[in-house]
Amino acid sequence: MLDDWLRIRTEPNGEEEQQMASVSVRYIVNDVDAAIAFYRDDLGFTEIMHPAPTFAMLSLGDLRLVLSAPGGGPGGGQAMPDGTLPRPGGWNRFTIEVTDLTGAVDRLRARGARFRNEIVTGAGGKQILVEDPSGNPVELFEPTTSEARLEQSSFRESSGRSVDPGLRGS
């Protein structure tokens with residue numbers, strides 16, 4: 001399972017070098033177990049660790065997703081010095097590139113996922129916002145121009161197979 005979080009690169013001398021995920025995002029969620037199920041089962045993330053009910057770490061390609069419950073301190077979910085608790089559901093989000101947005105949406109809807117909008121088309125592609133169980137948005141994006149595609153194929157498993165969230169079937 002750890003190999004899914006670490007990218008394994010083979011050097012010219014045949015030795016393997018492991019590299020950690022290159023981007024880390026923390027989401028505040030109301031229910032860590034429900035969030036794990038959504039990201040793992042619906043979007044294809046791998047669970048890396050879940051050492052406490054209020055904390056978990058998952059990965060997808062170069063993305064490490066850290067989940068924290070409000071008030072689940074110490075750590076990212078703990079109250080601020082003035083007593084304010086972090087809370088889920090804002091508008092900042094990360095984007096997952098997919099090859100068939102309509103198919104991904106159909107499969108996610110069949111699994112009960114909530115969406116903030118319908119598919120919209122912009123200058124570089126089509127997108128939609130799906131919510132995790134706490135209301136945090138995740139943008140699913142299908143590029144329609146080569147410039148809008150990810151430069152590096154960062155959503156590839158170490159085996160080289162493409163990871164396409166929502167298209168893995170039920």
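In this chain, residues are counted from 1 in sequence order.
Contact of the Ile96 side chain with the Val138 side chain is registered, since non-hydrogen atoms from C-beta on lie closer than 4.5 Å. In this structure the side chain of His50 reaches within 4.5 angstrom of the side chain of Asp33, judged on heavy atoms. By the 4.5 Å heavy-atom criterion applied to side chains, Leu60 and Thr46 are not counted as neighbours. The side-chain heavy atoms of Ile128 and Asn117, taken from C-beta on, include a pair separated by under 4.5 Å. In this structure the side chain of Val32 reaches within 4.5 angstrom of the side chain of Val29, judged on heavy atoms. A heavy-atom distance below 4.5 Å is found between the side chains of Val66 and Ser24. Side-chain contact check for Ser59 versus Leu65: every heavy-atom pair is 4.5 Å or farther apart.
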Quiz item: For Arg64 and Glu47, what are the C-alpha separation, side-chain angles and deciding distance, and is it a salt bridge (charged side-chain N to carboxylate O under 4.0 Å, His left out)?
Solution: CA-CA 10 Å; Arg64 176 176 60 192; Glu47 183 180 331; over 6 Å; no
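For the residue pair Asn136/Ser134, the side-chain donor-acceptor check at 3.5 Å is not satisfied. With hydrogens and angles left out, the side-chain atoms of Ser68 and Arg26 include a donor and acceptor closer than 3.5 Å.
Screening residues 59-81 for ring pair (Phe, Tyr, Trp, His ring centres under 6.0 Å) gives no qualifying pairs among residues at least two apart or on separate chains. Applying the ring pair (Phe, Tyr, Trp, His ring centres under 6.0 Å) test to residues at least two apart or on different chains, the pairs with a partner in residues 72-100 are Tyr27-Phe94. Among pairs with a residue in residues 57-77, none fulfils ring pair (Phe, Tyr, Trp, His ring centres under 6.0 Å), at least two apart in sequence or across chains. Within the structure, no pair that satisfies the ring pair (Phe, Tyr, Trp, His ring centres under 6.0 Å) test touches residues 97-142, not counting sequence neighbours.
Here Ile28 sits alone; no ILVMFWY side chain lies under 4.5 Å from its own, so it joins no hydrophobic cluster.
Asp106 is linked by a side-chain contact (heavy atoms from CB on, under 4.5 Å) to Thr102, counting only residues two or more places apart in sequence or in another chain. For the side chain to side chain donor-acceptor pair (under 3.5 Å) test, no residue two or more places apart in sequence or in another chain qualifies with Ser146. Qualifying side-chain contact (heavy atoms from CB on, under 4.5 Å) partners for Ala34, counting only residues two or more places apart in sequence or in other chains: Asp31, Pro133. Listed by chain and number, the residues in a salt bridge (Lys or Arg N to Asp or Glu O under 4.0 Å) with Glu131 are Arg114, Arg116 (sequence neighbours excluded). Every residue two or more places apart in sequence or in another chain that forms a ring pair (Phe, Tyr, Trp, His ring centres under 6.0 Å) with Tyr39 is listed here: Phe45. Applying the salt bridge (Lys or Arg N to Asp or Glu O under 4.0 Å) rule to Arg87 yields no partners; only residues at least two apart in sequence or on another chain are considered. Checked against side-chain contact (heavy atoms from CB on, under 4.5 Å), Asn92 has no partners two or more places apart in sequence or in another chain.
The CG atom of Leu67 sits 12.0 Å away from atom CE of Met49, with the distance rounded to the nearest 0.5 Å. Here Ile36 contributes atom CD1 and Asp132 contributes atom CG; the two are 11.5 Å apart, rounded to the nearest 0.5 Å. The line from CG of Asp42 to CZ of Arg107 is 12.5 Å long, rounded to the nearest 0.5 Å.
Gly76 and Pro86 get closest at one heavy-atom pair: O-CG, 3.8 Å. Heavy atoms only, all atoms of each residue included: Gly124 and Ala148 are closest at O-CB, 3.2 Å.
Considering Ile119, Leu129, Leu101 in turn, Leu101 is the only one that fulfils the side-chain contact (heavy atoms from CB on, under 4.5 Å) rule with Leu140.
Taken together through direct or relayed side-chain contacts under 4.5 Å among Ile, Leu, Val, Met, Phe, Trp and Tyr, Leu85 and Phe55 form parts of separate hydrophobic clusters.
The existence of a salt bridge linking Lys126 and Glu97 is excluded, since no basic side-chain nitrogen approaches an acidic carboxylate oxygen closer than 4.0 Å.
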